Amino acid sequence: MKILSLICAALVSMAANAQSWPQKPVRFIVPFAPGGATDIAARMLGEKLSQMWGHSVVIENRAGAGGALGAAEAARAAPDGYTLFFPSGSVMTANQHVYAKLSYDPDRDFVAVTNVVSGPQVLVVPANSPYKTVKDLINAARADPGKLTFGHAGIGTQTHLAAENFLYQAKIDGVSVPYKGEAPALAGLVGGEINFALTNMAAAIPHISGGRLRALGVTSLEEAPQLPGVPPIAKTLPGFENAGWFGIVAPAGTPKPIVQKIYEDTRKTLESTEMRARFFAQGLAPVGNSPAEFATAMKQESQLWAKVVRERKIEVK
């Protein structure tokens, strides 16, 4: 009975501590450079959580190695809820299949909190590109195999895997050009350093609306309302579909009551009309699933990317 009483007291104490958390600023480690979709989503959410919590959510960008540098730093952080990791999906579900030596273990080093938002990608080329349609790009790649170059946020990232998936489905090849983030890759595309990219809508929309890039197709099965007139790639490649997501995980050992509070507060934030509208404008849809649901979804997605990585022979030794 005494042991049971001690356990109950400890649980009550943990729950009370979670309710009073946070008592200082919270750090979001974003494993990519500013300006990409991961960074945009983290900053939008962080702004609202700062208001809710009464303490700042500080965004720290730690770019490099397809998100692995930021992941390794987050994995080493104290498991107290004050350092959270805000990755794109590939960092948690694909990197372990791409990199022979990884400085973190997605399953061992982190616990799931919630998937914040998800959305399709868009195939873009420079505004002065000769390619006006998805078919134009595919035909050019087939006519001159291995000549076209495509940029992305780093080996194994969502933007890299989206492009590899496109090449695989189209039965064409291209030269992979990694950058230190999605925003630098798009800057390279605008500058004519590469021929195309398959990037997240949130990062590409400003360049498309600004006339610097031309959108050829979206990776959703239906036309995206944020890009009217841009057809689904599936109209050219039947059945083609790809999506990316951005979420929150915490260092392993973070108390469950704190994980639950972060999840619940994030979900409340995502349910607001204002946040839904702001994310919609970026081509992103709120998710806000539970920690258990998020953990299951990541395991399933990891199995999917293991197959794609193997078949496309994507590896970093």
Side-chain angles (χ1 to χ4, degrees), residues 27-32 36-39 41-42 45 60-118 152-162 164-165 178 181-182 200 242-256 258-260 262-263 266 287-312 314-317:
R27 181 170 62 143
F28 272 6
I29 294 180
V30 175
F32 300 107
T38 315
D39 179 71
L45 178 64
E60 292 191 9
N61 299 91
R62 294 288 184 267
L69 291 183
E73 181 176 341
R76 293 191 297 266
D80 54 11
Y82 288 104
T83 296
L84 302 172
F85 187 41
F86 200 100
S88 62
S90 61
V91 182
M92 299 301 296
T93 66
N95 274 4
Q96 62 266 47
H97 308 299
V98 172
Y99 289 83
K101 296 179 180 179
L102 203 59
S103 53
Y104 68 100
D105 184 316
D107 297 324
R108 182 194 64 213
D109 294 337
F110 296 100
V111 293
V113 179
T114 189
N115 182 337
V116 177
V117 288
S118 68
H152 51 79
I155 302 296
T157 60
Q158 284 186 159
T159 52
H160 178 215
L161 295 175
E164 291 284 0
N165 196 13
E182 191 171 19
N200 293 295
N242 208 88
W245 60 260
F246 314 94
I248 301 173
V249 296
T254 301
K256 288 185 178 180
I258 290 179
V259 169
Q260 186 67 17
I262 297 167
Y263 153 63
T266 299
V287 180
N289 53 0
S290 71
E293 291 168 337
F294 189 27
T296 298
M298 284 193 288
K299 287 182 180 179
Q300 293 173 343
E301 186 172 315
S302 179
Q303 294 170 357
L304 170 66
W305 283 124
K307 179 181 178 182
V308 173
V309 167
R310 183 172 61 251
E311 293 186 358
R312 286 295 300 170
I314 305 167
E315 61 179 348
V316 176
K317 296 182 179 179

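In this text the structure is predicted, and so the values were computed from the model without any measurement. Sequential numbering from 1 along the given sequence is applied to the chain's residues.
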Problem set entry | Side-chain (Ser88) to main-chain (Thr38) donor-acceptor, under 3.5 angstrom | no

For this session: Would you mind listing every side-chain hydrogen bond (donor to acceptor under 3.5 Å, both in side chains) that reaches into residues 95-104, with sequence neighbours excluded?
Result: Asn95-Tyr104, Gln96-Ser302, His97-Ser302

Exercise. Is there side-chain contact between Phe246 and Leu45, with at least one heavy-atom pair below 4.5 Å?
Worked result: no

Problem set entry | Non-hydrogen atoms of Ala41 and Val117 that approach each other most closely | CB-CG2, 4.0 Å

Seminar exercise, completed: Closest heavy-atom pair, Gly253 versus Pro79, reported as atoms and distance to 0.1 Å, is C-CB, 3.5 Å

Exercise. Does Asn200 reach the side chain of Thr159, with side-chain heavy atoms less than 4.5 Å apart?
Worked result: yes

Exercise. Among Thr296, Val113, Thr114, which one satisfies side chain to side chain contact (heavy atoms under 4.5 Å, CB included) with Asn289?
Worked result: Thr114

Exercise. Is Val111 close to Val259 at the side-chain level, that is, under 4.5 Å between some pair of heavy atoms?
Worked result: yes

Seminar exercise, completed: One should read off an interatomic distance between Leu69 CG and Arg62 CZ, to the nearest 0.5 angstrom, of 10.0 Å

Exercise. Can you check whether Gly288's main-chain N or O pairs, donor with acceptor, with Asn115's side chain at less than 3.5 Å?
Worked result: no

Exercise. So, the side chain of Glu164 versus the backbone of Arg312: is there a donor-acceptor pair under 3.5 Å, distance only?
Worked result: no

Exercise. Between Ile29 and Gly70, which heavy-atom pair has the shortest distance, and what is it?
Worked result: CG2-O, 3.7 Å

Exercise. Roughly how far apart are Thr93 OG1 and Gln303 CD, rounded to 0.5 Å?
Worked result: 11.0 Å

For this session: Any chance you could measure Phe28, atom CZ, to Asp39, atom CG, to the nearest 0.5 Å?
Result: 12.0 Å

Problem set entry | Shortest non-hydrogen contact between Gly154 and Thr157, atoms and distance | O-OG1, 2.7 Å

For this session: Would you indicate whether the side-chain heavy atoms of Ile248 and Tyr263 approach each other to under 4.5 Å?
Result: no

Problem set entry | Over all atoms of both residues, closest heavy-atom pair of Val249 and Met298 | CG1-CE, 4.2 Å

For this session: Output yes when a side-chain donor or acceptor of Asn165 lies under 3.5 Å from a complementary backbone atom of Leu161, and no otherwise.
Result: no

Problem set entry | Residue pair Gly67 / Pro31: nearest heavy atoms and the distance that separates them | O-CB, 3.4 Å

Exercise. Between Ser118 and Trp245, is there a donor-acceptor pair closer than 3.5 Å when you use the side chain of the first and the backbone of the second?
Worked result: no

Problem set entry | Flag side-chain contact, heavy atom, 4.5 Å: His160 against Val98 | no

